[in-house]
Amino acid sequence: MKNIYVSYGKKKILNDISIEFHPNILYGIIGPNGVGKSTLLNVISRDIPMNSGEVLLKGKQLGDYSQKEMAKELSYMRQSTIVKFPYTLKELVSMGRYAHDSMSREDNDIIINTRIKENDLSEYCDKPLTQLSGGEVQRAFFTKVLAQESNAILVDEGLSNADIFYKVRFFKQLRSEVEKGKLVIMVIHDLSLARKYCDELIILNHDGIYDCGKSEEVLTSQTLYDVFKVKGDFFNHSLVLE
Amino acid sequence: MKNIYVSYGKKKILNDISIEFHPNILYGIIGPNGVGKSTLLNVISRDIPMNSGEVLLKGKQLGDYSQKEMAKELSYMRQSTIVKFPYTLKELVSMGRYAHDSMSREDNDIIINTRIKENDLSEYCDKPLTQLSGGEVQRAFFTKVLAQESNAILVDEGLSNADIFYKVRFFKQLRSEVEKGKLVIMVIHDLSLARKYCDELIILNHDGIYDCGKSEEVLTSQTLYDVFKVKGDFFNHSLVLE
Amino acid sequence: VQTTGDSEIRFIDDSGVEISLSEPAKKVVSLYSAHTENLFSMGLDSEIIGVGTSDNYPEAVLEKEQFSYKDDPELLIAADPDVVIARTMIVERYPDYVKAIEDAGIPVINLYCSKFDDFDNYITRLAMIVGKDAEGEALLENFHSQIDEIQKKGEGIDPRKTAYFESIGDKFKTVTQDSFAGKALTIIGLNNIAQDIESDGSATVVEFGEENLLSKSNEIDVYIAQEGTMNKLISVETIEARPGFSQIKAVIEGELYIIDEKLISSATLRYLDGLKELQNKIYGV
Amino acid sequence: MKSKWINLILIIGLIGLGLFAINVGKVNLTEIDSEIGKTIFYKIRFPRVLAAIFVGSALGSSGVILQGLLQNPLADSYTLGISSGAAFGACLAIYVNIAFGVALPIQILAIVFSYVVIAIVMWLSRVKGTLDSANVILAGIIIGSIFSAGISLLKSLADEDVVEMVYWLMGNLASKPIEKVCVVAVITAIGYFIASRYMEELNILTLGREEAKSVGIAYDFVYRLLLLTAVTLTAFAVSLCGIIGFVGLVVPHLCRIFVGADNRKVLPMSALLGALFLLLADTITRTVLQHEIPVGVLTTMVGGPFFIYIFIMKKR
Amino acid sequence: MKSKWINLILIIGLIGLGLFAINVGKVNLTEIDSEIGKTIFYKIRFPRVLAAIFVGSALGSSGVILQGLLQNPLADSYTLGISSGAAFGACLAIYVNIAFGVALPIQILAIVFSYVVIAIVMWLSRVKGTLDSANVILAGIIIGSIFSAGISLLKSLADEDVVEMVYWLMGNLASKPIEKVCVVAVITAIGYFIASRYMEELNILTLGREEAKSVGIAYDFVYRLLLLTAVTLTAFAVSLCGIIGFVGLVVPHLCRIFVGADNRKVLPMSALLGALFLLLADTITRTVLQHEIPVGVLTTMVGGPFFIYIFIMKKR
Ligand SMILES: Nc1ncnc2c1ncn2[C@@H]1O[C@H](COP(=O)(O)OP(=O)(O)OP(=O)(O)O)[C@@H](O)[C@H]1O
Ligand SMILES: Nc1ncnc2c1ncn2[C@@H]1O[C@H](COP(=O)(O)OP(=O)(O)OP(=O)(O)O)[C@@H](O)[C@H]1O
Ligand SMILES: [Mg+2]
Ligand SMILES: [Mg+2]
């Protein structure tokens, strides 16, 4: 993945925002509620149309990709997903492999099982999703996204219900994907984790992009006050509130 | 609210757990995914039946309360709620007032509006819930629970999608409820916030209750390692990972 | 229903209701085509102020005002007839309609004749309503003398052919012996292949069965199908085209006849025409 | 506010149309014998206009309740097999009357079988788990289709007499005796009254069983009560005049487009609009057309395309 | 594994029952003229058994597709108005034939109108927004009920000739010419083949439009293709033998109880079970009962209670 240039304007919610994402980097997007973080990811994933502007992926217009090509380029873990049919965890993860139909069934199966194991979900393999706890469901969807093995991974607060152990594990997994040359963009509300694990942060406020750059540099006490209206500081990446 | 004694055994998930909750205290429940935190709250709220054991509320069996009495005693914010019909935010919050039908419509309306304002949601009053962002929906449900003005409030990860400003605000609101003599029990994965704002913590692991007591005393580096399998320490209540 | 003591006309209608009219009806609405046809046969015309929506014989009927039991009853009430002659189906299935008319002071009489042997009784009562007793008797006399004539011809025929009568094609249904059509076969000199078939209850239409029919392919010399409301959209071609029908002797030999339901299954004088037509076509007499 | 104005307009429209409807018909009353004219006015037209109004509002109200309870835009009295039950009862009565020459009351059997259906549905969804919409719907479809098959069976047994069952099923408002109309009117009024007390609860029920209980709803009780109310409204309406399908389905949708999802507003508007709609359709079929077509046919032929229009205009 | 065994048993059962069915009937073939016996065997029984098998599997398969696409346990060919469209086409042909004495082919009109319905439904749900289940269902009900009303209108216009329509609508498998059966067989085979290629996609579609697109599904294309396949399967089946309602609704549910939600497993099992079920029902009505009842009636009367039993046993 060479070059992504994002520039679009959506009235009210997203106003004339331009960002460039590069591979090999773990991006974090932070900002107050309702600022348009999910909207931004939805535009990149083609979930919603933009009013004007354009999104280029590897120099090519987003609209020019077929759905399958798109799936190989991009996977997306949404903020909330409703599971209507009681698919088992394994079935869900297998769905993530849909775009890789050129691969043999056995090879696909190996990847699926590896990913499930990686996330300690083996014991829930054949359990319907409707019978898992909140955190387990999130981990299942995360596993599916990883199994998709796309060049870019978008995550919208994918670990909000996971316990601290898996939160850390998530980041480690994402880090190893990034090191394989991938691009990860994640929306996150846990500022401590964001600062510690993300390479670069994009900070949105209601006017647009407040700042972006290296995590430690942009997420400061001042930012905290300007954007989130809380007083606090970071100690060893951890947010300490006054 | 005098005395709650919880003791029940549910095979596999919750095994012979007894806890006593007292008013005027903000309890936090923490523990790894799938340990049974939501299950515990579901039993207290009568969402699911227990296999054996009993829950006493003010010395009275839980089953002896009528649904309306129950609603005045207890409100519950669930981990995930699906909104099927596009009710507006205000309609949702009004539903929380259902049990208070003895009160005049105007008085109810005042309370509803106050609560909405308190949570900065006035501008979304007439917006359908389906058009709100993830964090805004959570805040809407939180407002509904507050508007219910019950003696005890259960919250299951109610602020996972809220930004840091509202997370802090949530705790302040809960604190002021506690000071009015109420009892708050909340499940939370953010250990820093849990340690900082909860009076007492109940730490669950897969064997049952690992420990409970004053927040600072029970949530230590050792606990972190035993229960969550991560290494780290707390600095000024904030979790600092190694 | 008027129940004045000195009424001249008294009988029990087919709902089992005792009818008594103080004088013959001068203004009649007939809601059933057979009633209409028979009333005309007795020489009535101007007395008939209304008929049913599907009545079309004799031609004079087409000029009459039409009434439907599916419409609002106000039209019929406004026409102010002395009596309404209906049939069992209407009385049983549209009790509200009937009640509304009766509540407006108009008697509704139920007559229905589906069996050959009931014909006399039916005509007699119909005639009584309109005070045409003599005409009714004449009609019956004419009817029976013609029947006897046809029957005599039929008895003379040798060898008798065996026939199957199709009542409802899709369902392979035939008729019972005591129905008009069933009786017709015997009268014109045919053996009914379904003569053992029994009706469960009062129905005159009974199932014969597809395989049963085909298994008797070699014995069926004549195949008669009635065409009418119960058996629509049939023709010689459609019957021949049914799977396996090319095997039936009647089909092979071209002895396949279609006859109007009104001429073979309904209680009117046209029944005689139907008998003659069939007898002529089959036996050439 | 807005919904109050709409309701006011609807009420005025309904009264106006009612007065108009009762004064027109195939027959011009001023031209005929005044005795007969009176009979037609009081015994024919008045009950009919009344029947249209009350049946229309019964169907409109029960549609609101059922769509709320089942949380499904598909839901109307067909979904739960109520109409099938009523129709089965009616057909059974017709069949038995013909076959055995007795005189079972069609209306009463229709009502009885509506309750039979809902009793089975409720029992079944209890056995299956909780009394929630998914279970109730599933049970409803199954029972409904069994009773529909029962109707087909009766039809095929009835043979030539089938024509009559078909007409009963199609539903129309002609020649209803005033006593029966009054029964339906009273039941509709009571049913509507009960329903209107529980619309706040119905709103909350749509949040789901658990959420509803949390805020203090006696879920099972309210669910059952509302279900029974809806069944009663439908059963009596259907028993009087057969099946008129489109009103209960579309009228509530239409109202929701105007006043949103709040059932407290949707219910009265739906009852009024249902009444107006059915009265209009019935008046048209009664006066304009040479031979009446079943009013249920007309409501659909008129209401369907109109609904499509609104549906498209609203965009989403 | 498990589902393979079930399918094997079903195949064996189907072959066995097929052989049995073709050798029994109201008439004992060994006792009659062998020429006539042959006719009955080849021209009556063979097409009928074949029709039962293919119509059954067409209905079973289309049920799976529709329930998946619409994500609604209520969904069957009725939901989208496909059956109503087909029935309307057939009734229109019957009516025109009677009224104007022409000879429109009933089958072909039934098929044409199924497609007309689905074309309108698809257009309508596009206009309304995205091609998702909520929109498609809503459009389907509306169009379906308009066409149902159309049927009622035709029925009331046809007056006494209604019997013909009623019989057609009730659906049965008797006396179908072998050529028409073959057409349905071929269409069913093709439809099944296409459907079976897209069952993985159907699984994923149930995650919703966005999720499905994320993993690389060409959502709109797949949705349309599957919808058309389901319509085609239903339309041809219905055009051959009228409406047989319960199979498409219940058989897929039944299969899901055994093999879970994975449509790749549900589809073949549902096709087999549908065939077996319809063949069984038809054989019973053809041989055991003194008078045939429409097979759709029997499937429901047998399948319904059986389904209830399974439903209860499964508890949840
Ligand atoms: N379908 C919609 N129609 C109208 N407004 C919408 C819709 N979806 C979202 N919005 C509004 O757009 C704004 C941005 O929403 P978005 O979901 O992008 O926020 P977010 O930054 O992800 O917030 P959060 O942190 O709460 O998830 C919100 O104020 C929301 O109310
Ligand atoms: N309906 C169910 N049927 C069977 N097992 C269930 C069901 N619901 C939950 N479980 C199992 O019970 C365990 C406890 O679930 P619970 O939701 O209480 O966990 P939790 O502590 O709230 O976890 P989390 O932090 O992920 O929300 C989980 O392992 C889950 O898989
Ligand atoms: Mg968001
Ligand atoms: Mg939980």
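By convention in this document, chain letters (A, B, ...) are assigned in the order of the sequence lines, proteins followed by strands, and residues within each chain are numbered from 1.
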Enquirer: Highest number of heavy-atom pairs under 4.5 Å with chain C: which of E31(D), E35(D), R45(D)?
Expert: R45(D)

Enquirer: Is it true that a side-chain atom of D96(C) and a backbone atom of K176(D) form a donor plus acceptor pair closer than 3.5 Å?
Expert: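 Judged by distance alone, no pair lies under 3.5 Å.
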
Enquirer: Heavy-atom count check: over 12 atoms from other residues, nucleotides or ligands less than 6.0 Å from Y115(D) OH?
Expert: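 Yes, because the 6.0 Å sphere around OH of Y115(D) holds more than 12 heavy atoms from other groups.
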
Enquirer: Find the distance between OG (S175(D)) and OH (Y94(C)) and round it off to the nearest 0.5 Å.
Expert: 10.0 Å

Enquirer: Examine whether an atom of K26(D) lies under 4.5 Å from a heavy atom of chain C, and if so say whether it belongs to the side chain, the backbone or both; otherwise answer neither.
Expert: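 The answer is both parts of K26(D).
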
Enquirer: Donor-acceptor pair, distance only, cut-off 3.5 Å: does the side chain of E74(C) make one with the backbone of I44(D)?
Expert: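 A pair under 3.5 Å: no.
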
Enquirer: Quick one: CG on L75(C) to CD on E292(D), what's the gap to the nearest 0.5 Å?
Expert: 9.0 Å

Enquirer: Kindly check if the number of other-residue, nucleotide or ligand heavy atoms within 6.0 Å of NZ (K26(C)) is above 12?
Expert: yes

Enquirer: Hey, could you give me the OG1/CD1 distance between T39(D) and I101(C), rounded to the nearest 0.5 Å?
Expert: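 Nearest 0.5 Å value for the OG1-CD1 distance: 12.5 Å.
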
Enquirer: Can you tell if the side chain of I36(D) reaches within under 4.5 Å of the side chain of I77(C), non-hydrogen atoms only?
Expert: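 Yes, their side chains come closer than 4.5 Å.
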
Enquirer: Taking C-beta and beyond as the side chain, do R48(D) and D72(C) meet within less than 4.5 Å on heavy atoms?
Expert: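 R48(D) vs D72(C): side chains touch.
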
Enquirer: Side chain, backbone, both or neither: which part of T53(C) has a non-hydrogen atom closer than 4.5 Å to chain D?
Expert: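 The side chain, not the backbone.
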
